[in-house]
Structure formats: structure tokens, C-alpha cells
Amino acid sequence: MEARVIESIELWFQEAGSEEAVNFIDFMLFLNESAYSLLHRDTLHGILTYHVRYEDGTSQSVSYDKDEWIDYKRNEWQTGMNGGEWIWWLVERWRFVVEWRNGRDFRTGNILEENDYGIVPYGKIQDLDILLYSIIENDTLNTKALIKKGYYHDPLLNEWIAIPNSTDCLRPLVLAFCYDEGIIKAPRTIKQIDVTFIDLKTGKVQSLANALETYEKPANLDLDDMEYRDDMFYRDTSIQGTIRYEVTYKDGRVQYVEHDKSEIFMDWDMAIIDWFFHHWENLYEAYAEKSFPSGRPLQRFESKFDYWKAMLSPEEWEEFIHSTDPFDQRLLTDWEPHDEIQDAKVQFEMMFHQAAELYLEDLRHGFYEDQLLEERIDVKSSFDAVIALYNEIREAERKGRL
């Protein structure tokens with residue numbers, strides 16, 4: 001097999017209505033906006049072109065309209081993407097391939113722990129082999145054996161590429177796309193989050209809260225069946241559509257994030273919005289040392305007995321101490337100290353697993369890199385907006401259960 005060596009590769013962008021193309025990395029640095037954000041922004045239109053020069057002296061140019069639909073079976077859930085997402089994913093894919101083959105972090109060169117990959121959305125640690133399989137599972141050309149030997153078929157260039165000799169020239173592109181190198185990320189303050197649901201069948205646009213409140217559950221729904229929880233709306237496949245987040249920041253910037261209504265964060269079997277709330281709940285309790293969303297200061301109790309006595313209402317406490325349930329009896333005789341503050345720290349660390357220290361370090365400086373929004377957020381000044389959304393959604397779910 002003859003594999004080509006990339007000597008140089010650049011991505012250029014010609015925005016719709018403009019007569020000139022610009023280097024895409026220069027474009028993102030000028031706007032101080034990440035490649036991911038620009039390539040997924042639905043208000044940006046134009047042509048993206050890769051200019052590639054090979055070691056043998058030949059060159060190649062490949063262009064895609066940012067809005068063009070690319071029919072490519074990425075995995076069993078995603079069988080296509082627009083041109084911007086396609087360009088983004090193929091750069092990210094190069095990073096995955098190189099890291100799997102070398103066993104080292106692309107940016108730092110540090111050895112990756114066996115079976116581990118770095119941070120992907122919401123701090124999840126993925127097994128390297130599983131990660132590689134997920135990006136070549138429907139690939140008829142690339143295999144683990146060929147990649148290990150140093151051969152990789154790039155589906156965008158439609159060429160076999162020699163991995164070891166081409167990695168250095170790909171480095172600026174990968175660092176810009178996957179690590180936002182050069183982007184100055186001042187923490188942003190969330191002023192307000194509005195979430196809407198767009199029904200695919202009817203085209204109706206309404207607030208997510210209204211959709212949840214008026215959702216008519218299936219006639220055979222058993223409310224006592226744990227299979228049907230509060231997130232049944234997201235799991236009901238008879239309703240298809242898009243959930244859209246409109247995030248207004250204090251500096252006036254407005255950001256839009258969308259995902260399929262039925263998309264579930266598989267690691268914890270949660271709807272995406274619930275996973276977003278779960279992160280902010282752990283973040284709030286670890287950082288502010290207050291209960292989410294009430295704001296009650298977390299405390300340290302001499303025993304679980306003292307904890308339950310403080311937490312329950314007089315009526316609930318009276319019922320609790322007279323309970324004959326063995327589990328309740330164990331709680332009443334548990335004299336081990338109960339530290340809510342320490343528990344909050346532990347929960348936060350468990351949430352991010354091996355990446356926890358990175359997030360804790362950010363937290364010490366007062367910001368949090370939210371994976372759904374892809375933004376560095378000033379946590380203290382953004383809690384109110386997140387809690388307001390949480391209360392709105394939970395109240396709608398409560399009304400929907402009546």
C-alpha cells in the first residue's frame with residue numbers, strides 16, 4: 001500500500017457574500033471564537049476548502065459548503081452531518097487516531113494511562129479501544145491493524161496517509177480545533193437561559209416547560225413503574241423534535257445550542273438537560289457549599305440521626321421515628337458523623353472521575369468549562385440563571401404529573 005505524506009495542510013473559509021477567502025485559523029483567532037462554535041453556528045454560511053500539499057510535490061484542494069449535507073454513516077445514531085460538522089469531525093478524528101496509535105496525549109505528549117482517553121463531553125473517560133472502534137466501526141478501509149502500522153485513510157481527502165510523517169504538519173490544525181489554542185477565554189456570566197422545543201412533525205415552537213407541562217403520557221403508562229420516570233417526555237419516541245437552548249450572557253452575547261429531544265447521555269441514562277442540571281447541582285454544592293437549588297448552607301452533623309432530624313419536618317420526623325421499616329431503623333441508629341460539605345466534594349470528584357483535578361483547579365479560580373455550552377463560565381455569577389431554569393423545568397414536570 002502506498003501512503004502519501006502530507007507536507008502542509010491549511011483550511012480556508014470564504015464567507016457567503018464575500019469575494020475573498022481567509023485562513024480559517026486566522027478567522028477564528030480574529031473573532032476569538034472556537035472552531036467548534038464557528039463550524040456549528042447556524043448563522044454562518046460559506047465555503048470551506050482544504051489546501052493540501054504532499055511530499056511528492058503534488059497538491060489537492062477539497063471544498064465543502066458549510067451547510068451541505070454529507071451522507072456519511074458515522075455510527076448507528078448519526079448517518080450524516082452538514083459540511084461544517086464534517087470538517088470539524090475529521091480533524092477531531094485525526095487526533096483520536098494519533099492518540100490511540102501513540103498512546104500519548106496529542107498536545108502534551110504525556111503518556112495516557114492504559115485504557116484511558118482524555119476528557120470528552122461532561123468529563124467522561126473513555127477506553128481508547130472503544131473510542132477508536134466508535135470512529136471506525138462503519139469504515140470499510142481503516143482497521144486497527146493498519147492504523148497501528150501507520151496507515152490511515154482520510155475520508156475527506158480520500159487518500160491513504162502515512163500517520164507518523166504527516167502528524168507534525170497537522171498539529172496546528174488539531175491544536176486550534178480540538179484545544180482552542182490561541183483563543184482567549186474570559187469566563188462568561190450567564191444572565192438567562194431560555195429553552196424551547198421544536199416539534200419535528202408539526203413545526204410548533206414552544207417553551208420546553210410548556211411542552212413538559214402539557215405532555216400527554218401514553219395511555220398504558222404505569223406511574224409506579226420505574227421504567228417511566230419524570231423524563232418520559234424525552235424517551236417517548238412518538239414525539240420527535242429538537243431542544244434549543246438560547247443562552248444570554250451578561251456581555252450581551254447570545255448563544256444557541258441544539259440537540260435531538262431523545263438524545264440521552266448514556267453513561268448515566270439521563271436526558272441531556274437533566275445531566276446539565278446534575279453537573280450544576282454538584283458544582284453548586286461543592287463550590288458554594290449550599291444545597292441546590294434551595295441555597296440552604298451545607299452542614300456537618302454529629303450523626304445521621306441528627307441529620308435526619310434537622311432535614312425532616314416535624315410531621316415527617318414523627319412518622320420516621322415510629323417507622324418499623326428495617327432501613328429506617330438502621331438510619332435512626334446510625335451514629336456515624338455526616339458531613340454534607342465533604343460529601344459534596346466527593347460527589348463532584350466522582351462526577352468527573354480522573355478529570356476531577358482539572359475541573360477543581362478551574363473551580364479554585366472561579367470558573368467552570370461547561371461541556372454542553374462549550375464555554376468557560378463564571379460560576380458564582382451564573383448560579384441564579386441556572387437555578388431559575390431548573391426551577392422552571394421542575395415546576396413544569398410537577399404540573400405535568402398532576
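Residue indices begin at 1 and follow the sequence shown.
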In short, side-chain hydrogen bond (donor to acceptor under 3.5 Å, both in side chains) pairs touching residues 143-152 with sequence neighbours left out are Arg93-Tyr152

For residues 159-175, the side-chain hydrogen bond (donor to acceptor under 3.5 Å, both in side chains) pairs (sequence neighbours left out) are Arg4-Glu159

Parallel, tilted or perpendicular, judged at 30° and 60°: which one describes the rings of Tyr64 and Trp86? perpendicular

Which of Tyr50, Phe24, Trp94 passes side chain to side chain contact (heavy atoms under 4.5 Å, CB included) with Leu173? Answer is Tyr50

Applying side chain to side chain donor-acceptor pair (under 3.5 Å) to Gln60 and not counting sequence neighbours gives Tyr54

Residues passing the side chain to side chain donor-acceptor pair (under 3.5 Å) test with Gln14, sequence neighbours excluded, are none

The ring-ring contact (aromatic ring centres under 6.0 Å, His included) partner of Tyr390 among Tyr284, Trp280, Phe292 is Phe292

Q: Return yes if some donor-acceptor pair links the side-chain N/O of Asn282 with the main-chain N/O of His278 below 3.5 Å, else return no.
A: yes

Arg107 meets the salt bridge (Lys or Arg N to Asp or Glu O under 4.0 Å) criterion, sequence neighbours left out, with none

Kindly say whether Phe106 contributes a backbone atom to a donor-acceptor pair with the side chain of Glu99 at under 3.5 angstrom? yes

Does Lys261 make a cation-pi contact with Phe233, if we ask for NZ or CZ under 6.0 Å from the ring centre and within 45° of the axis?
yes

Measure from the side-chain N and O atoms of Glu85 to the backbone N and O of Asn82, and report whether any donor-acceptor pair falls under 3.5 Å.
yes

Salt bridge (Lys or Arg N to Asp or Glu O under 4.0 Å) filter on Asp180, not counting sequence neighbours, yields Lys185

Would a distance-only check, ignoring hydrogens and angles, find a side-chain to backbone donor-acceptor pair under 3.5 Å from Arg104 to Gly109? yes

Donor-acceptor pair, side chain of Glu281 and main chain of Pro293, under 3.5 angstrom: no

Residues 318-346 vs salt bridge (Lys or Arg N to Asp or Glu O under 4.0 Å), sequence neighbours excluded, gives Glu289-Lys345, Arg296-Glu340, Arg300-Asp339, Lys304-Asp334

Salt bridge (Lys or Arg N to Asp or Glu O under 4.0 Å) pairs touching residues 189-214, sequence neighbours excluded, are none

**Prompt:** Is a side-chain N or O of Ser382 found less than 3.5 angstrom from the main chain of Asp378, in a donor-acceptor match?
**Reply:** yes

The salt bridge (Lys or Arg N to Asp or Glu O under 4.0 Å) partners of Arg101 (sequence neighbours excluded) come to none

Item to check | Flag, side chain of Gln329 to backbone of Ser323, donor-acceptor distance under 3.5 Å | outcome: yes

With sequence neighbours left out, the residues meeting side chain to side chain donor-acceptor pair (under 3.5 Å) with Ser34 are none

The complete set of salt bridge (Lys or Arg N to Asp or Glu O under 4.0 Å) pairs with one or both residues in residues 6-17, sequence neighbours excluded, reads Glu7-Arg53

Across all chains, not counting sequence neighbours, the side chain to side chain contact (heavy atoms under 4.5 Å, CB included) partners of Thr237 are Gln240

